[in-house]
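To start, the structure itself, in structure tokens.
A note on names: the letters A, B, ... follow the listed sequences, proteins ahead of strands, and every chain is numbered from 1.
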Amino acid sequence: MFWADDLAASVDGPQVVNDSKTPSGTVHVGSLRGPVVLDVIVRALRDRGIATTLLYGVDDLDPMDAQALLTPDAVEREMGRPLAHVPDTAGDCHASYARHFAGIFIETFAGLGIHPDRYYWMSDIYPTGEMDPLIRTALDRAQVVRDVLLRVGHVERPDGWLPVHVICPACGKVGTTIARDWDGHTVAYACIPDYVEWARGCGASGRVAPFGGAAKLPWNLEWAAQWSLLGVTIEPCGKDLATAGGSRDRSDALAREVFDREPPLNVPYEFLNIGGRKMSTSKGRGAAAHLMAQVLPPEPLRFLFLRPRPNQAIEFDPEGTDAIPRIFDEVDRIAAAVAGREVKGELPPFPERLYALAQLDPGADHAASAAAYRPAFGHLALLAQIPGVDTAARVAAEKGGPLTPSEELVLAERLRAARVWLDAYAPESARLAVHIDAVPERVGDLTEDERSFLSALAVAAEVDPPGSGDEWQALLFRVARDRDLPAGRAFAALYAAFLGRANGPRAGWLLAGLDARFVLARLRDAGAAGVAELPGPTPAMGASS
RNA sequence: GGGCCGGUAGCUCAACGGUAGAGCAAGUGACUCUUAAUCACUAGGUUGGGGGUUCGAGUCCCCCCCGGCUCACCA
């Protein structure tokens, strides 16, 4: 079975699937793997008739620890405060830094067909008091917490350390406080100036009841507490957390030993690497999730994350490669196979399932959408670069009939993606560039009859200027035939003269889209240019006079 | 040092334990309004190394080598 179906087959009873994220800054495409994996698992469960709830949380009471986006004067003030309390640096009307960045991320979900039943924000939950019983349990069992952290995570806490972070009443920071002396009602806290390197505490101290939003649980414990609070049964997590002795192991042990609850089923998933390296939010040009969504529409983007098993790292390098066109092509190939057409190469296991899960709407007619006509991405990228071409008409002609409304949508989506791809990622070989300034060097490789064809074409076009792509195309063939030059070589000569390469788009339309005087001049120049550069017995003779 | 993933054609990758394939790149050929198109063909491999299980191993087990990511301080 497909991996998600295997997983769904291994559980019984109603399921609560959960994931949460700390919104510390811009998120990159790789971060979308988690949500897609979640969604696919949920679909697989529901397809088996298992009642399933999908939750998505924002850990926005976690301390601010990334100063990249803060102004210098804000660093001292904001670092270490809960993300939910840091003002939105973008100043675009979000209530906080956390709401801004989490919002950008979450907004991509719906576009990917991911629809959690409920979003929750820890900054909303703590003040309600729902976490209080769990905080109390953690404090009562502080020694158990310390033992677990030492045994599982090899982290030793100082004597008297309590598993709670008070939000400093004086400076509002949560990352800089330590708590001691739990008396059943209050704890003693201190906001330490040099407790952590990335933030500076104010030095305040006192006693406070750590409930109702006055304090939060430390990371590993908060995770385990969420499972108890929400009844989570399945929670995937990234491999950075799933490592042995890492966060997940600690939280699993804390769930069992502090909250007396079996932790949820884990589905560790690997990362998406860009060019063999970890994707970096700060350096990764074009790797931001919302940017990638412009060049990879939902279906291929889901496909990218779906096809490999979760524990398999995905190597993805869109920069200057054909990685993006390849994804489209692979989706199309599988769609063709699903629609019953013969395809080359081996298919992945369960292509129908893979195809269906890549679709936005789980309830849609997958057979129909698989059978629909799909213009090849690479071909669209080419058409998009030819001046004056009617793409829709061309694609309809290639299909052999008018496009359906949904096919038109796919075309528009792909055309948009192709333009972004050409602009941001495409290798030079995929870009058409008319050499305006000088005759391309490649013209020097042309044979004499090819060059004279170019000259003759210039003469013919001057006598009776073609007014359209069709007329240019007709003229090309006529001149080539008159001179007994095979059409293939004639076209190659044209591409050499204008594009500096051996092939290109439909030549007539390319020429029709360029300035007529430039075309004539280039044809004459290219027809003459190569001659002088060619060694050999033939004396150089200009095409003129 | 621990964990996870990978090493298969020049490149990118595929192959429920059952004849190692595809795309791109390369080469050859076909094609007179088809021109990074289409079609046909060719070439390219000791599946990182060594053991083991099996009628049969790219696939499963063990040991190495190489690469990547990740954790080990904090969340």
Pair E270(A), N311(A): side-chain N/O donor-acceptor within cut-off below 3.5 Å: no
Paired nucleotide for G21(B) [Watson-Crick or G-U wobble; both distances under 3.5 Å]: C13(B)
Length of the CZ-C1' vector between R250(A) and G3(B), whole Å: 13 Å
Sugar-phosphate only, base, or nothing, as touched by S24(A) at under 4.0 Å among non-hydrogen atoms: nothing
N/O (side chain, H165(A)) to phosphate O (OP1/OP2, A75(B)) under 4.0 Å: yes
Any strand: nucleotide that pairs with G44(B) via Watson-Crick or wobble, under 3.5 Å: none
Between C1' of A75(B) and CH2 of W198(A), the distance in whole Å: 7 Å
Worked verdict on Y373(A) versus D332(A) for side-chain hydrogen bond (donor to acceptor under 3.5 Å, both in side chains): CA-CA 9 Å; Y373(A) 179 77; D332(A) 291 350; over 6 Å; no
Sugar-phosphate only, base, or nothing, as touched by K21(A) at under 4.0 Å among non-hydrogen atoms: nothing
Could you list, one pair per line, each protein nitrogen or oxygen that sits under 3.5 Å from a nitrogen or oxygen of nucleotides 27-33 of chain B, together with the distance?
{"residue": "U32(B)", "atom": "O2", "partner": "R481(A)", "partner atom": "NH1", "Å": "3.2"}

Polar side chain donor-acceptor pair, R483(A) to S452(A), under 3.5 angstrom: yes
Between P of C13(B) and CZ of F328(A), the distance in whole Å: 18 Å
Length of the CZ-C1' vector between R307(A) and A14(B), whole Å: 6 Å
Enumerate the protein-to-nucleotides 5-9 of chain B contacts in which both atoms are nitrogen or oxygen and the separation is below 3.5 Å.
{"residue": "C5(B)", "atom": "OP1", "partner": "N311(A)", "partner atom": "ND2", "Å": "3.2"}

Sugar-phosphate only, base, or nothing, as touched by R326(A) at under 4.0 Å among non-hydrogen atoms: sugar-phosphate
Touch class at under 4.0 angstrom, heavy-atom based, for R157(A) against every strand present: sugar-phosphate
Polar contact flag, side-chain donor to acceptor under 3.5 angstrom, S247(A)-W223(A): no
